[in-house]
Each structure stands twice: as C-alpha cells, then as structure tokens.
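Each remark here refers to the structure printed beneath this line.
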Amino acid sequence: MNLVIAVDGPAASGKGTIAARLAAHYGLPYLDTGLLYRAVGLAVLDAGGDLGDAETAAKAARALDLASLSDNPRLTDRGAGEAASRVASHPGVRAALLKLQQDFAAQAGGAVLDGRDIGTVIAPGAPAKLYITASPEVRAERRWKQLTARGEVIAFDDMLDDIRRRDARDAGRDDAPMVQADNAVLLDTTDLGIEAAFDAARRIVEAARARAGI
Ligand SMILES: Nc1ncnc2c1ncn2[C@@H]1O[C@H](COP(=O)(O)OP(=O)(O)O)[C@@H](O)[C@H]1O
Ligand SMILES: Nc1ccn([C@@H]2O[C@H](COP(=O)(O)OP(=O)(O)O)[C@@H](O)[C@H]2O)c(=O)n1
C-alpha cells in the first residue's frame with residue numbers, strides 16, 4: 001500500500017505547515033489543494049464574474065491552468081481565501097478538480113495532500129488521515145500575523161469574522177463539506193507550537209504506518 005497522508009481541517013489550523021513538513025520528512029510529493037480553489041476564485045474575479053454563479057465558476061475550474069499556481073502571491077491573500085470558499089461550494093467546480101487530485105494521491109510511492117475533503121472524498125482509502133484543528137481565536141491570530149507580516153491591513157476582529165464565516169460555509173455546504181473522516185485522528189494545535197504540532201503529526205503517521213504495514 002502507498003503511504004498516502006490526508007491532512008484536513010479548517011482555515012489557519014496549521015494543516016499546510018504540517019502537511020509540508022510531513023512531505024519533506026517522508027520524501028513525498030505534496031499538494032496544497034486549497035490553492036486549486038483559490039486559483040479558480042481569482043480567475044472568476046479577474047474575469048469580472050460572479051462567484052455565486054455555478055456555471056461561471058465551473059467553467060473557470062475546467063479551464064484551470066496549473067502553471068498559474070506557482071509563485072502567485074495573490075493566491076494566498078485574504079480575498080483569494082474568501083473567493084475560494086465561495087466557488088468551492090459549487091459541485092461543478094469540485095467535479096472539475098476531482099481527477100487531478102485523485103491522480104496526485106494515487107501516484108506510486110504515495111503523497112501528502114491537504115484540504116477539506118482529502119480523507120473523505122479525494123483519498124478515502126488513505127492509510128494515514130489527520131484532522132488538524134485549533135480554536136477560532138488562535139487560528140485568526142495566526143492568519144492575522146501571517147497576512148499583516150506581508151503588508152495586508154486587517155483588523156483582528158474582521159479576521160476572526162472571516163474565519164468563522166469560512167468555517168460555517170465550508171462545513172455547511174452539501175457537496176464534500178469540511179468534516180473529520182471517521183477514521184481520521186484529531187490533532188488540536190491550539191496550545192502547540194509548530195515543532196510540537198509536527199511531532200504529534202509524525203507520531204500519528206507512524207502509528208498509521210505500523211497498522212497498515214508500510
Ligand atoms: N502550531 C502552530 N503554532 C503557531 N503558528 C502556526 C502553527 N502552525 C502554523 N502556524 C502559522 O500559522 C499560519 C497558518 O498556517 P498554515 O499552515 O498556512 O495553515 P492552514 O494550511 O491550515 O491554513 C502560518 O503563518 C504558519 O506559520
Ligand atoms: N480540498 C479542499 C481545499 C480547499 N477548499 C476550499 O478552499 C478554501 C481555501 O482553502 P485553503 O486550504 O487554501 O485555505 P486556508 O485553510 O489555507 O485558509 C477553503 O475555505 C475551502 O472552501 C475545499 O473546499 N476543498
């Protein structure tokens with residue numbers, strides 16, 4: 001069996017940091033699937049389209065140019081996160097991005113993917129599944145620090161509102177909602193620094209490897 005590591009969880013929980021560290025540790029390729037939805041959201045905005053229009057968003061997802069994912073700082077800004085969450089609720093968008101993610105997960109040797117539906121939809125058979133979380137206040141603080149360090153001007157309370165609104169939208173949608181997979185291990189990083197969170201994640205993966213014999 002391939003070592004596929006599925007890392008899901010809400011915004012700014014630290015799942016990307018943990019996923020990238022796990023990928024480096026195990027020498028596996030890593031896909032940040034949120035970037036796909038962010039790129040679709042930005043494509044709709046740049047074309048002057050309506051994020052709420054399912055067909056416009058699905059068309060943008062089908063036309064997604066993977067080259068547009070590399071080195072685009074706009075993808076990680078605040079507006080792209082909000083736009084991503086809007087387009088991610090359209091089933092046509094999710095369908096257009098499914099095969100790419102499943103192919104990535106299925107490559108020989110294994111892979112690490114992070115997002116919202118990796119353990120439930122993209123790679124339900126993954127031998128290692130983590131669901132990373134932290135309190136909304138701590139997540140808002142982490143994202144606020146990250147964005148203000150890059151020059152974005154945001155009030156902390158607005159950041160917390162963003163996080164709460166995104167949680168509600170991502171968990172409340174009908175298609176592939178954000179939810180902990182039955183067999184995912186919950187890792188709450190509220191009181192953990194990056195090193196401690198990575199260590200805990202590595203131990204979870206080691207236990208999963210031992211269970212699966214990989
Ligand atoms: N355990 C942690 N403690 C403190 N800061 C963290 C922790 N994990 C991540 N961060 C920081 O919080 C921000 C968001 O982390 P990130 O991994 O991008 O979250 P996500 O992928 O869940 O949105 C980044 O600036 C990152 O360096
Ligand atoms: N596998 C995924 C990944 C992201 N998304 C959507 O894309 C948005 C941005 O994802 P992200 O992982 O880049 O966001 P952050 O957690 O980094 O803030 C999320 O709020 C989700 O709505 C999704 O629906 N499914």
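Ligands are counted one by one from 1 in listed order, and the atoms in each one are counted from 1 as well. In this chain, residues are counted from 1 in sequence order.
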To the nearest 0.5 Å, what is the distance between [atom1] on [X] and [atom2] on [Y]?
{"X": "L35", "Y": "D32", "atom1": "CG", "atom2": "CG", "value": "4.0 Å"}
{"X": "D114", "Y": "L31", "atom1": "CG", "atom2": "CG", "value": "8.0 Å"}
{"X": "L64", "Y": "Y37", "atom1": "CG", "atom2": "OH", "value": "10.5 Å"}

Which residue holds the protein heavy atom closest to [atom], what is that atom called, and what is the gap in Å?
{"atom": "atom 21 (O) of ligand 1", "answer": "G16 N, 2.8 Å"}
{"atom": "atom 3 (C) of ligand 2", "answer": "T33 OG1, 3.4 Å"}
{"atom": "atom 13 (C) of ligand 1", "answer": "Q146 OE1, 3.7 Å"}
{"atom": "atom 5 (N) of ligand 2", "answer": "Y37 CD1, 3.7 Å"}
{"atom": "atom 13 (O) of ligand 2", "answer": "R38 NE, 2.6 Å"}
{"atom": "atom 23 (O) of ligand 1", "answer": "R143 NH2, 2.8 Å"}
{"atom": "atom 16 (O) of ligand 2", "answer": "K15 NZ, 2.5 Å"}
{"atom": "atom 4 (C) of ligand 1", "answer": "R142 NE, 3.5 Å"}
{"atom": "atom 20 (O) of ligand 2", "answer": "D170 OD2, 2.6 Å"}
{"atom": "atom 19 (O) of ligand 1", "answer": "G14 N, 3.3 Å"}
{"atom": "atom 20 (P) of ligand 1", "answer": "K15 NZ, 3.4 Å"}
{"atom": "atom 9 (C) of ligand 2", "answer": "R166 NH1, 3.5 Å"}
{"atom": "atom 8 (C) of ligand 2", "answer": "A84 CB, 3.6 Å"}
{"atom": "atom 2 (C) of ligand 2", "answer": "R116 N, 3.4 Å"}
{"atom": "atom 27 (O) of ligand 1", "answer": "I194 CD1, 3.8 Å"}

Taking the side chain from W144 and the backbone from I154, do they hold a donor-acceptor pair closer than 3.5 Å? yes
State plainly whether the residues [X] and [Y] are in salt-bridge range, i.e. N to O under 4.0 Å.
{"X": "D8", "Y": "K129", "value": "no"}
{"X": "E206", "Y": "R211", "value": "no"}
{"X": "D46", "Y": "R74", "value": "yes"}
{"X": "E137", "Y": "R164", "value": "yes"}
{"X": "R150", "Y": "D77", "value": "no"}
{"X": "R202", "Y": "D199", "value": "yes"}
{"X": "R38", "Y": "E82", "value": "no"}

How far apart are the closest heavy atoms of L113 and Q101, and which atoms are they?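 Nearest pair, atom of L113 first, then Q101: CD2-O, 3.7 Å.
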Where ligand 2 meets [X] - atom numbers and elements under 4.0 angstrom, heavy-atom basis:
{"X": "A88", "value": "6 (C), 22 (O), 24 (O)"}
{"X": "D117", "value": "1 (N), 2 (C), 25 (N)"}
{"X": "G34", "value": "3 (C), 4 (C), 10 (O), 11 (P), 12 (O), 13 (O)"}
{"X": "A12", "value": "16 (O)"}

Quick one: ring pair (Phe, Tyr, Trp, His ring centres under 6.0 Å) pairs with a partner in residues 145-184, sequence neighbours left out? none
According to the ring pair (Phe, Tyr, Trp, His ring centres under 6.0 Å) rule, which pairs have a member within residues 171-214, sequence neighbours left out? H25-F198
If we only count N/O pairs under 3.5 Å, is [X] in contact with ligand 1?
{"X": "A12", "value": "yes"}
{"X": "L192", "value": "yes"}
{"X": "S13", "value": "yes"}

Heavy atom of R143, distance to ligand 2 below 4.0 Å: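 Right, R143 reaches ligand 2.
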Is ligand 2 less than 4.0 angstrom away from at least one heavy atom of G16? no
Can you list the ligand 1 atoms lying under 4.0 Å from a non-hydrogen atom of P10? 22 (O)
For T17, take its heavy atoms, then give the atoms of ligand 1 lying under 4.0 Å from any of them.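 Reading through ligand 1 atom by atom, the close ones are 9 (C), 15 (O), 16 (P), 17 (O), 26 (C).
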For atom 23 (C) of ligand 2, tell me which residue out of R94, R169, M178, Q146 has the closest non-hydrogen atom. R94
Region of A196 that comes within reach of ligand 1 [heavy atoms, distance under 4.0 Å]: neither
Take atom CG in D65; do more than 12 heavy atoms of anything else shown fall under 6.0 Å from it? yes
Return yes when atom CG of D71 has more than 12 non-hydrogen atoms of other residues, nucleotides or ligands closer than 6.0 Å, and no otherwise. no
Of the side chain and backbone of R78, name the one, both, or neither that has a heavy atom under 4.0 Å from an atom of ligand 2.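 For R78, there is no contact with ligand 2 at all, from either part.
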Testing T120, L186, L130 one by one against Q180 for a side-chain contact (heavy atoms from CB on, under 4.5 Å), which residue passes?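 Result for side-chain contact (heavy atoms from CB on, under 4.5 Å) with Q180: L186.
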